[in-house]
**Q** 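Sharing a structure here in structure tokens format.
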Amino acid sequence: MIADFEYFAPKTVKEALSLLSRYKEGAKMIAGGQSMLVIMRQGLVAPEYLIDIKGISALDYIKYDEGKGLRIGALTIHRAIEKSPVIQKHFRVLSEMEQNLATIQTRNWGTIGGNLCHGDPAGDPAAVLIALKAKLKLASSGGERIIEVEEFSKDYLEVALEPDEMLTEIQASTPPARTGTAYEKLMVMKGDMGIVGAAVSITLEPENGVCQDARIALSNCASIPLRAQKAEKRLIGKVINDALLAEAGEVASTETEPLSDVHGSAEYRREMVKVFVRRAAIKAVERAKTA
Ligand SMILES: Cc1cc2nc3c(=O)[nH]c(=O)nc-3n(C[C@H](O)[C@H](O)[C@H](O)COP(=O)(O)OP(=O)(O)OC[C@H]3O[C@@H](n4cnc5c(N)ncnc54)[C@H](O)[C@@H]3O)c2cc1C
């Protein structure tokens, strides 16, 4: 049963932040409610004050400018990201990731900001955004700060938000030329939470095909979305071939700390990381060649 709470429905960021600064730890925000209602029903959270931010239309946007890159308002629903022509053109991996995130019904309610702030290491967007070197804009009544997506998750369902802060924007720069990014997740049925997921971004040197830069981020492989930095280092400075990608998968697997659950043992997840890192990397390299 859900415990009683006082309900607010601010229409502006300023109003929402002033409620947060007044009630701090006693308050929780709700956006699409796709995760929040579940954990409220489970009794994992019981806020005294519930701040419903879904009506803040100023945080529902997708903007793209080649210089500034991509800006997504925290209240943008998954379905809008999936269907956005500008994202399909410039950040195709985000649109592809959204196609396999939950059902259309959930994508029509759930927001990208809610997904990230929920802090589930199995969530898909964080890994893809880490591979894209994306940043988050956090706001409080005292001002704003920018944090790397990579720094945002602290532990299972725990993120780096202060009690009086909210997420307002996701920012991603336009990737350099000859960069390709791909995300592959292991799911039993389309739209399931991934048993593991791998996001890989590769930048190739224009003349010789040497890997100039690499980013590998994994979902559901630890208590936070995990960056596999040792595996990245195996790729950087080398001409990419299949053996090297398989090696990167092997190394990434050693960097994980997966849990065992009904969907798969830790051992199975480690094996699948090898497969999915290689699979995403092959796609990323192919994309980089023509980008
Ligand atoms: C059936 C089902 C299947 C799913 N499958 C997947 C999947 O395959 N992959 C995947 O990644 N996810 C999946 N999800 C999770 C889903 O994507 C998230 O539940 C959803 O995106 C959360 O967004 P929301 O707007 O509903 O957030 P809410 O549930 O409203 O909020 C979630 C958390 O974020 C906080 N919050 C929300 N917005 C902000 C903000 N702007 N600033 C600060 N705090 C904020 C809330 O206080 C709460 O703690 C699934 C969910 C369901 C129900």
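Start at 1 and go down the list; that is how both ligands and their atoms are numbered.
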**Q** Examine distances only and state if a side-chain atom of Glu255 and a backbone atom of Ala231 form a donor-acceptor pair shorter than 3.5 Å.
**A**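 Yes, because the side chain of Glu255 sits within donor-acceptor range (under 3.5 Å) of the backbone of Ala231.
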
**Q** Does ligand 1 have a heavy atom under 4.0 Å from the side chain of Asp192, from its backbone, from both, or from neither?
**A**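 Asp192 to ligand 1: backbone contact only, side chain stays beyond 4.0 Å.
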
**Q** Looking only at protein heavy atoms, which one is nearest to atom 1 (C) of ligand 1, and how far off is it?
**A**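 Heavy-atom neighbour on the protein nearest atom 1 (C) of ligand 1: Thr106 OG1, 4.0 Å.
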
**Q** For atom 53 (C) of ligand 1, which of Lys28, Arg107, Gln34 has the closest heavy atom?
**A**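 When every heavy atom of Lys28, Arg107, Gln34 is considered, Gln34 comes closest to atom 53 (C) of ligand 1.
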
**Q** Output the rest of the hydrophobic cluster of Leu37: all Ile, Leu, Val, Met, Phe, Trp and Tyr residues reachable through side-chain heavy-atom contacts under 4.5 Å, sorted by chain and number.
**A**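 Its cluster mates, by chain and number, are Ile2, Phe5, Tyr7, Ile30, Met36, Ile39, Met40, Leu44, Val45, Leu50.
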
**Q** Side chain or backbone of His78 under 4.0 Å from ligand 1, or both, or neither, by non-hydrogen atoms?
**A**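 Under 4.0 Å from ligand 1, His78 contributes side-chain atoms alone.
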
**Q** For atom 31 (O) of ligand 1, grab the closest protein heavy atom and report residue, atom and distance to one decimal in Å.
**A**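 Looking only at protein heavy atoms, the one closest to atom 31 (O) of ligand 1 is Met36 CB, 3.8 Å.
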
**Q** Kindly confirm or rule out an N or O of Trp109 lying under 3.5 angstrom from an N or O of ligand 1.
**A**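 In this structure, Trp109 places no N or O atom under 3.5 Å from an N or O of ligand 1.
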
**Q** Decide side chain to side chain contact (heavy atoms under 4.5 Å, CB included) for Leu94 and Leu132; before the verdict, give the C-alpha distance in whole Å, the side-chain angles of both, and the deciding distance to 0.1 Å.
**A** CA-CA 9 Å; Leu94 275 176; Leu132 290 170; 4.0 Å; yes

**Q** Of all the atoms in ligand 1, which lie at a distance below 4.0 Å from a heavy atom belonging to Gly191?
**A**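 Answer, ordered by atom number: 5 (N), 8 (O).
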
**Q** Is there a donor-acceptor contact under 3.5 Å from the side chain of Glu165 to the main chain of Glu162?
**A**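 Yes, because the side chain of Glu165 sits within donor-acceptor range (under 3.5 Å) of the backbone of Glu162.
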
**Q** Determine whether a donor-acceptor pair (N or O, by modelled atom type, separation under 3.5 Å) exists between the side chain of Arg215 and the backbone of Ile202.
**A**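 Checked: no pair found.
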
**Q** For the residue pair Lys289 and Arg178, what are the closest heavy atoms and their distance?
**A**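 Answer, listing the atom of Lys289 first, then Arg178: O-NH1, 3.1 Å.
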
**Q** Nearest protein heavy atom to atom 47 (O) of ligand 1, by residue and atom, and its distance?
**A**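 Result: Met29 O, 2.5 Å.
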
**Q** Just to confirm my output: which protein heavy-atom neighbour is closest to atom 7 (C) of ligand 1, and how far is it?
**A**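 In this structure, atom 7 (C) of ligand 1 has Met193 SD, 3.2 Å as its nearest protein heavy atom.
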
**Q** Below 4.5 Å, heavy atoms only, C-beta onward: do Tyr268 and Met272 meet side chain to side chain?
**A**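 Touching, per the 4.5 Å side-chain cut-off.
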
**Q** If you take the nearest heavy atom of each of Asp52, Leu116, Thr111, Thr103, which one is closest to atom 23 (O) of ligand 1?
**A**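 Minimum heavy-atom distance to atom 23 (O) of ligand 1 goes to Thr111.
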
**Q** Parallel, tilted or perpendicular for Phe8 and Tyr49, by the 30°/60° rule?
**A**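 Phe8 and Tyr49: tilted rings.
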
**Q** Please determine which of Ile62, Ile170, Thr174 meets the side-chain contact (heavy atoms from CB on, under 4.5 Å) test together with Leu70.
**A**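 Passing option: Ile62.
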
**Q** Heavy-atom contacts with Ile30 under 4.0 Å: which atoms of ligand 1 show up? List them by number with element.
**A**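 The atoms of ligand 1 under 4.0 Å from a heavy atom of Ile30 are 30 (O).
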
**Q** For atom 32 (C) of ligand 1, find the nearest protein heavy atom and state the residue, atom name and distance (0.1 Å precision).
**A**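 Checked against all protein heavy atoms, atom 32 (C) of ligand 1 sits closest to Gly114 O, 3.5 Å.
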
**Q** Under 3.5 Å between some N or O of ligand 1 and some N or O of Ala74?
**A**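 In fact, backbone or side chain, Ala74 has no N or O that close.
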
**Q** Once you restrict to heavy atoms under 4.0 Å, what part of Leu161 touches ligand 1? Side chain, backbone, both or neither.
**A**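 The answer is the side chain.
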
**Q** Which of the numbered atoms in ligand 1 are below 4.0 angstrom from a heavy atom of Ile53?
**A**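 Every atom of ligand 1 under 4.0 Å from some heavy atom of Ile53: 38 (N), 39 (C), 40 (C), 41 (N).
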
**Q** Under 3.5 Å, N or O to N or O, is Ala31 touching ligand 1 that way?
**A**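 It does: an N or O of Ala31 is found under 3.5 Å from an N or O of ligand 1.
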
**Q** Crowded around Ile147 CD1? As in, over 12 foreign heavy atoms under 6.0 Å?
**A**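 More than 12 heavy atoms, drawn from other residues, nucleotides or ligands, come within 6.0 Å of this atom.
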
**Q** Among all protein heavy atoms, pick the one closest to atom 35 (C) of ligand 1 and tell me residue, atom and distance.
**A**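 Scanning the protein heavy atoms, the shortest distance from atom 35 (C) of ligand 1 goes to Cys117 CB, 3.7 Å.
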
**Q** Please work out which of Asn115, Leu37, Asp124 has its closest non-hydrogen atom nearest to atom 9 (N) of ligand 1.
**A**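 Nearest option to atom 9 (N) of ligand 1, by heavy atoms: Asp124.
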
**Q** Do any nitrogen or oxygen atoms of Pro125 lie less than 3.5 angstrom from nitrogen or oxygen atoms of ligand 1?
**A**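 So ligand 1 has no N or O lying under 3.5 Å from an N or O of Pro125.
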
**Q** Using a 4.0 Å heavy-atom threshold (strictly under), name the region of Lys185 that reaches ligand 1: side chain, backbone, both or neither.
**A**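 The side chain, only.
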
**Q** State which residue, out of His78, Gln34, Glu82, fulfils the side chain to side chain donor-acceptor pair (under 3.5 Å) condition with Arg107.
**A**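 When side chain to side chain donor-acceptor pair (under 3.5 Å) is applied between Arg107 and each of His78, Gln34, Glu82, only Glu82 qualifies.
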
**Q** Quick check: closest heavy atoms across Tyr183 and Ser219, and the distance to 0.1 Å?
**A**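 Nearest pair, atom of Tyr183 first, then Ser219: OH-OG, 2.8 Å.
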
**Q** Among protein heavy atoms, which lies nearest atom 41 (N) of ligand 1, and at what distance?
**A**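 Going atom by atom, the protein heavy atom closest to atom 41 (N) of ligand 1 ends up being Leu167 O, 3.0 Å.
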
**Q** Return yes if a side-chain donor-acceptor contact under 3.5 Å exists between Ser260 and Ser265, otherwise no.
**A**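 There is no such pair (donor and acceptor under 3.5 Å, judged by atom type) between the side chains of Ser260 and Ser265.
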
**Q** For atom 15 (C) of ligand 1, grab the closest protein heavy atom and report residue, atom and distance to one decimal in Å.
**A**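 The answer is Ser35 OG, 4.0 Å.
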
